[in-house]
Visitor: 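Sending over a structure as C-alpha cells; questions will come in a sec.
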Amino acid sequence: MPAPIPVGMLRHPMTLNNPSNSVDATTGQRTHGWSGTTVLWCHIEQAQTTEVMDDGGVAVRSNFRILASWHPNVSCASRLVWNDNGTTRTFNIKGCWDRDQRRRTLEIDAVEVVA
C-alpha cells in the first residue's frame, strides 16, 4: 500500500480545469471552454521526453508524473494549469489513479501542452 504523500512535497499550486460546454446566444452553436477554480497542491516530476512527428516537423513531447491530494473532480477529461514564475504551463491529464483506493492521494500522468 502506498504511503501518504508528505505535505512538504506538495509545493506547486495547480488550477484544475474541467471542460464546459455551452451554447452561444448569438449563433446558437455549441462552444467548448474550460472552467475551474479548484487549486490542487501538487508534486511534479518529468517522466519521459519523446520526439514526435508534428504538422511542422519534429516536436518534443514531455510526459509528467504529478502527485496530488485526492479530489473528486479530477478525471481524464480535466487539465491542470500551473503558473510557474510568470510562465503559464498547461498539462492535459492522460490518466489518474487512486492507488490505495482510500481517497487520500492521486497519481496523475499528464502531457504538457506546447503551443
Side-chain angles (χ1 to χ4, degrees):
M1 168 172 34
I5 302 170
V7 175
M9 285 181 66
L10 304 177
R11 296 179 304 195
H12 306 293
M14 298 179 126
T15 304
L16 175 67
N17 292 147
N18 283 313
S20 64
N21 294 316
S22 61
V23 177
D24 188 345
T26 57
T27 63
Q29 298 204 3
R30 287 182 60 184
T31 59
H32 176 74
W34 296 95
S35 64
T37 56
T38 304
V39 174
L40 296 177
W41 287 88
C42 303
H43 170 76
I44 183 168
E45 55 191 40
Q46 193 162 2
Q48 180 183 16
T49 301
T50 57
E51 290 182 352
V52 294
M53 293 302 291
D54 200 355
D55 291 338
V58 178
V60 176
R61 178 177 292 154
S62 296
N63 295 337
F64 290 85
R65 180 175 171 251
I66 300 171
L67 301 175
S69 297
W70 186 85
H71 194 279
N73 293 338
V74 177
S75 71
C76 291
S78 305
R79 72 178 186 180
L80 293 168
V81 179
W82 178 27
N83 290 319
D84 182 19
N85 294 328
T87 303
T88 301
R89 299 172 68 182
T90 304
F91 301 90
N92 287 338
I93 297 176
K94 293 188 339 183
C96 55
W97 298 274
D98 179 11
R99 295 273 185 210
D100 61 359
Q101 300 296 311
R102 296 180 72 187
R103 295 186 175 185
R104 294 187 304 179
T105 60
L106 279 175
E107 184 176 328
I108 300 168
D109 283 342
V111 176
E112 185 172 10
V113 176
V114 180

Visitor: So do the side chains of Ile44 and Cys42 get within less than 4.5 Å of each other, counting heavy atoms only?
Guide: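 Of all side-chain heavy-atom pairs linking Cys42 with Ile44, none is under 4.5 Å.
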
Visitor: Quick one: CZ on Phe64 to NZ on Lys94, what's the gap to the nearest 0.5 Å?
Guide: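 Between Phe64 CZ and Lys94 NZ, I get 11.5 Å after rounding to 0.5 Å.
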
Visitor: State the CG-NE2 distance between Leu16 and His71, to the nearest 0.5 angstrom.
Guide: 6.5 Å

Visitor: With side chains defined as the heavy atoms from C-beta onward, is the minimum distance between Thr15 and Leu80 less than 4.5 Å?
Guide: no

Visitor: State, yes or no, whether a side-chain contact exists between Ser20 and Trp34 at a heavy-atom distance under 4.5 Å.
Guide: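 Ser20 vs Trp34: side chains apart.
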
Visitor: With a 4.5 Å heavy-atom cut-off, do Met14 and Val39 have their side chains touching?
Guide: no

Visitor: State the OG1-CD distance between Thr27 and Gln29, to the nearest 0.5 angstrom.
Guide: 4.5 Å

Visitor: Can you list the residues that meet the salt bridge (charged side-chain N to carboxylate O under 4.0 Å, His left out) rule with Asp84, with sequence neighbours excluded?
Guide: Arg89

Visitor: Can Trp41 and His43 be said to form a ring-ring contact (aromatic ring centres under 6.0 Å, His included), step by step?
Guide: CA-CA 7 Å; Trp41 287 88; His43 170 76; over 10 Å; no

Visitor: Using 0.5 Å steps for rounding, measure from the CD atom of Glu112 to the CD atom of Gln46.
Guide: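 These two atoms lie 8.5 Å from each other.
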
Visitor: Going by heavy atoms in the side chains, are Asn63 and Asp109 under 4.5 Å from each other?
Guide: no

Visitor: Please check if the side chain of Asp98 supplies one atom and the backbone of Arg103 the other of a donor-acceptor pair under 3.5 Å.
Guide: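 Between the backbone of Arg103 and the side chain of Asp98 there is a qualifying donor-acceptor contact (under 3.5 Å).
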
Visitor: Which atom names give the shortest non-hydrogen contact between Ser75 and Asn18, and what distance separates them?
Guide: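 Result for this residue pair: OG-OD1, 4.4 Å.
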
Visitor: Do you know the tightest heavy-atom contact between Pro19 and His32?
Guide: CB-CE1, 3.6 Å

Visitor: Among Thr90, Asn17, Asn92, find the one that has a side chain to side chain donor-acceptor pair (under 3.5 Å) with Arg79.
Guide: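 Of the listed residues Thr90, Asn17, Asn92, the side chain to side chain donor-acceptor pair (under 3.5 Å) partner of Arg79 is Asn17.
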
Visitor: Under a 4.5 Å cut-off applied to non-hydrogen side-chain atoms, are Phe91 and Ile108 in contact?
Guide: no

Visitor: Out of curiosity, Thr105 OG1 to Leu10 CG, how far, rounded to the nearest 0.5 Å?
Guide: 9.5 Å

Visitor: Does the pair Leu40 and Val74 meet the rule for a side chain to side chain contact (heavy atoms under 4.5 Å, CB included), with working shown?
Guide: CA-CA 10 Å; Leu40 296 177; Val74 177; 3.8 Å; yes

Visitor: Which distance, rounded to the nearest 0.5 Å, do you find between the CG of Leu106 and the SG of Cys96?
Guide: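 The SG atom of Cys96 is 6.0 Å from CG of Leu106, to the nearest 0.5 Å.
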
